[in-house]
Amino acid sequence: MTEPRARNFIEEIIEDDIQSGRVKNVITRFPPEPNGYLHIGHAKSVCLNFGTAIKYGGKCNLRYDDTNPVKEDDEYIQSIRRDVEWLGFEPAAVLFASDYFEYMFKCALLLIDKGLAYVCDLSAEQIRQFRGTLKQPGKNSPYRKRSIDENRRLFLEMREGRYADGEKVLRAKIDMASPNLNMRDPVLYRILRATHHRTGDDWLIYPMYDYAHPLEDAYEGISHSICTLEFEDHRPLYDWVIQNCECDPAPRQYEFARLNLTRTIMSKRYLKKLVDEGVVLGWDDPRMPTLSGLRRRGYTPEALRDFCERIGVAKSNSEVDAGLLEHCVREHLGQIAPRRMAVLDPLKVVIENYAGSGETLYSENLPKNEQAGKRTVAFSGEIYIERTDFEEEPPPKFFRLAPGREVRLKDAYIIKCERVIKDKNGNVTQIICSYDPDSKSGSVNAGRKVKGTLHWVDAATAVPCEVRLYDYLLCEGEGDFSDRLNPESLKIISSALIEQAGADTEAGERFQFMRQGYFCTDSDSTKQRPVFNLIVGLKDSYKG
RNA sequence: UGGGGUGUAGCCAAGCGGUAAGGCACGGGACUUUGACUCCCGCAUUCGUAGGUUCAAAUCCUGCCACCCCAGCCA
């Protein structure tokens, strides 16, 4: 983890609020709409909201902002909760905006009674026309002058189902000439005959975000409502609702820049498209930037939290280099990942002067942690190495195996390539080596140095694993990826996910390896089927 | 002069009138049973820009420029 950093601007606001006495308890909320899976961008918000509450001894709610039944689904509710908890946060309460519908309805009645809201019969198209443009003021709706009694009656009738979808809306009576379009008599309620995933068909009218959100915050006693930059223009309306619905204490909204990652699609809409069109296997496809995808790819919650901490919280639109995310996983995995060896593209090596029938070697299990001890590794006269670790005609700076050259087998012996066996097409099928019995790792004579060290796997005891090759969904260029969604246009960076068929990929051990392999060994494991579900490709710095 | 925001290194980001933190990336070196990891060292005479105020400005003032957001009965 990184060193303590300076306070972000939200924390400064909070500390001022606490000092001035405006706020006693810091209460935040993470309010996703359940219309998709959480992605790395949401992780920033989750960490900010939960992290801030924790820092100030407050609490943070997980609140589903489910005010639009046509987009929302139960599947998303489950996945969101799971992802939040996986990230390491425990919501003080798990709540639903839909539980406040009755409360919101009563507030709407209050606004009507105060002459601050009216039922409008204009069509959606007409409302748009009456709204004016960015530079020109809007015009008042002809229904703006309806009496309080009539508005009350009509609104009640809207709820009762007397009108068709879209026939009427409830609007706030603010200012059609406001330079802020959000204040030009915004729609508060619309009629929607859609079955809500929780309230079923109880409601025919649904509140709009701008109206519902402040009330949700107020209802829960949220002290700091933290959202993204695009809502800055909505703040005056947020405050209008809070004030006119007489909410006390009044929550306040603050905005921060959402996360953008280089070469990464972050829009929920397009991620959904990838899933719906079958470009990926699902929301949790390891290629996806969703939390469930990252989880399957082997990212740890710790790494993600560290990442969110490092990127900071500010108001400038920015695009974080994906390399920072990769750095964070590598750093955490470097601490916790058990070391295993695996070979993806095997090339058999026969050690001709190896007389023994096999032996047990010891290998570091975890880096920087001697308590973790050693693990045993089987070794016999036949092993597999990575095909790419041998070059018949080595280029300059190639330190690995080549005819006549010596190389160290990690945790084992130094071997020398004596000759090569090829098939009739000239492809190398086997390498014959000799070994130096005095060079055993850890022995007194092991001090001899050779330039290269290779990972390997004992041929006799190697365990086959299923390997699935995936390509990260990375894009070329920057900006909006909406027009680059077809698979061909996605830039490919290959990586591998090794999974044992049928195994629980989340419970699996993680490991780090340099190149890719089809066989892996874990001879001291009691598990017959080791699972390696993490692949953090170490940067390939082989220059040869 | 619609309104609201933001401009500090290749990418994030501190800085809040006293002389540019930190991280990633990058470059160099040490170490190494993987060339990884680790460890050192280096990396903005300058803060979008032009002026002004001041003993002193990234910080205050004025003008200009660039980029982002807003005209859903989405959130």
Side-chain angles (χ1 to χ4, degrees), chain A residues 2-8 12 31-33 35 65-68 70-72 120 122-124 127-129 131-138 165-171 178-184 186-192 205-206 208-210 212-213 227-236 255 257 259 262 268-269 309-328 330-331 334 363-364 367-368 389 397-400 407-414 439 441-442 446 449-455 512-515 538-544:
Chain A
T2 31
E3 286 133 49
R5 38 128 256 262
R7 269 181 267 124
N8 65 45
E12 285 184 13
E33 181 184 21
N35 65 349
D65 206 357
D66 55 349
T67 58
N68 184 359
V70 307
K71 286 181 156 188
E72 297 150 11
C120 183
L122 255 27
S123 69
I127 286 182
R128 191 184 325 138
Q129 285 167 358
R131 185 152 34 223
T133 67
L134 293 177
K135 295 187 178 181
Q136 292 169 317
D165 288 12
E167 194 177 332
K168 284 178 166 48
V169 292
L170 182 72
R171 292 229 255 167
S178 171
N180 182 343
L181 297 252
N182 295 303
M183 300 299 270
R184 319 244 261 228
V187 172
L188 267 25
Y189 270 92
R190 77 280 215 185
I191 302 171
L192 224 49
I205 56 173
Y206 290 92
M208 299 288 290
Y209 168 87
D210 282 325
H213 207 86
C227 64
T228 43
L229 248 30
E230 66 270 26
F231 292 106
E232 280 180 315
D233 285 341
H234 298 239
R235 196 182 336 121
E255 310 85 12
L259 170 68
T262 57
K268 209 187 270 184
R269 180 180 156 201
E309 184 71 22
R310 290 189 193 219
I311 57 178
V313 179
K315 298 192 74 160
S316 63
N317 290 305
S318 58
E319 189 177 50
V320 177
D321 191 330
L324 179 59
L325 214 208
E326 288 159 14
H327 168 83
C328 292
R330 262 189 255 112
E331 184 167 284
S363 171
E364 287 285 339
K368 295 184 172 180
D389 279 346
K397 298 276 184 74
F398 184 83
F399 301 152
R400 290 163 278 160
V407 90
R408 162 146 240 131
L409 295 176
K410 176 137 177 81
D411 301 319
Y413 300 93
I414 291 173
S439 65
S441 178
K449 285 189 166 55
V450 287
K451 275 199 167 177
T453 303
L454 305 184
H455 61 281
Q512 206 175 25
F513 73 114
M514 295 76 183
R515 282 157 274 171
L538 288 181
K539 178 172 51 182
D540 189 353
S541 55
Y542 296 90
K543 301 189 167 97

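Regarding contacts with the backbone of B:A13, a side-chain N or O of A:S318 is found under 4.0 angstrom from either OP1 or OP2. When the side-chain nitrogen and oxygen atoms of A:K315 are compared with OP1 and OP2 of B:G5, none of them lie within a distance under 4.0 Å. One finds a side-chain N or O of A:K135 lying less than 4.0 angstrom from the OP1 or OP2 phosphate oxygen of B:G2.
With a 3.5 Å ceiling on both atom-pair distances, the Watson-Crick or G-U wobble partner of B:C39 is B:G29. For B:C11, the paired base is B:G23 (Watson-Crick or G-U wobble, both distances below 3.5 Å). Base pairing of B:C64: its partner is B:G48, meeting the Watson-Crick or G-U wobble criterion (both donor-acceptor distances under 3.5 Å).
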Could you list the protein-to-nucleotides 72-75 of chain B atom pairs, N/O on both sides, closer than 3.5 Å?
unit_1: B:G72; atom_1: OP2; unit_2: A:R128; atom_2: NE; d: 3.4
unit_1: B:G72; atom_1: OP2; unit_2: A:R131; atom_2: NH2; d: 3.3
unit_1: B:C73; atom_1: OP1; unit_2: A:R131; atom_2: NH2; d: 3.3
unit_1: B:C73; atom_1: OP2; unit_2: A:R131; atom_2: NH1; d: 3.2
unit_1: B:C73; atom_1: N3; unit_2: A:G166; atom_2: O; d: 3.4
unit_1: B:C73; atom_1: N4; unit_2: A:L122; atom_2: O; d: 2.9
unit_1: B:C73; atom_1: N4; unit_2: A:A124; atom_2: N; d: 3.1
unit_1: B:C73; atom_1: N4; unit_2: A:G166; atom_2: O; d: 3.0
unit_1: B:C74; atom_1: OP2; unit_2: A:R190; atom_2: NE; d: 3.1
unit_1: B:C74; atom_1: OP2; unit_2: A:R190; atom_2: NH2; d: 3.0
unit_1: B:C74; atom_1: O3'; unit_2: A:R190; atom_2: NH2; d: 3.1
unit_1: B:C74; atom_1: O2'; unit_2: A:N68; atom_2: ND2; d: 2.9
unit_1: B:C74; atom_1: O2'; unit_2: A:K71; atom_2: NZ; d: 3.4
unit_1: B:C74; atom_1: O2; unit_2: A:K71; atom_2: NZ; d: 3.4
unit_1: B:A75; atom_1: OP1; unit_2: A:T67; atom_2: OG1; d: 2.8
unit_1: B:A75; atom_1: OP1; unit_2: A:R190; atom_2: NH1; d: 3.3
unit_1: B:A75; atom_1: OP1; unit_2: A:R190; atom_2: NH2; d: 2.9
unit_1: B:A75; atom_1: OP2; unit_2: A:Y209; atom_2: N; d: 2.9
unit_1: B:A75; atom_1: O3'; unit_2: A:D65; atom_2: OD2; d: 2.9

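Classification of B:G10 as anti follows from a glycosidic angle more than 90° from 0.
Across all strands, A:V70 comes closer than 4.0 Å to no nucleic acid atom at all (heavy-atom distances). Within the 4.0 angstrom heavy-atom criterion, only backbone atoms of the sugar-phosphate kind lie near A:I311; the bases stay farther away. Nucleic acid contact class of A:T133 (heavy atoms, under 4.0 Å, all strands): base.
The side chain of A:H455 has B:U34 as its nearest neighbour among B:G3, B:U34, B:U33. Side-chain atoms of A:L181 lie closest to B:G2 of the nucleotides B:G3, B:U6, B:G2. In this structure, the nucleotide among B:G35, B:U33, B:U6 sitting nearest to the side chain of A:T453 is B:U33. Nearest to the side chain of A:K449, among B:A13, B:U32, B:C12, sits B:U32.
Rounded to the nearest 0.5 angstrom, A:R235 CZ and A:D210 CG are separated by 13.0 Å. With rounding to the nearest 0.5 Å, the separation of CZ in A:R171 from CG in A:L122 is 6.5 Å.
When the C1' atom is compared between B:A44 and B:A58, the two are found 12 Å apart, to the nearest whole Å.
One N or O donor and one acceptor, one from the side chain of A:D233 and one from the base of B:G3, sit under 3.5 Å apart.
Atom CD of A:E309 and atom P of B:C24 are 14 Å apart (whole Å).
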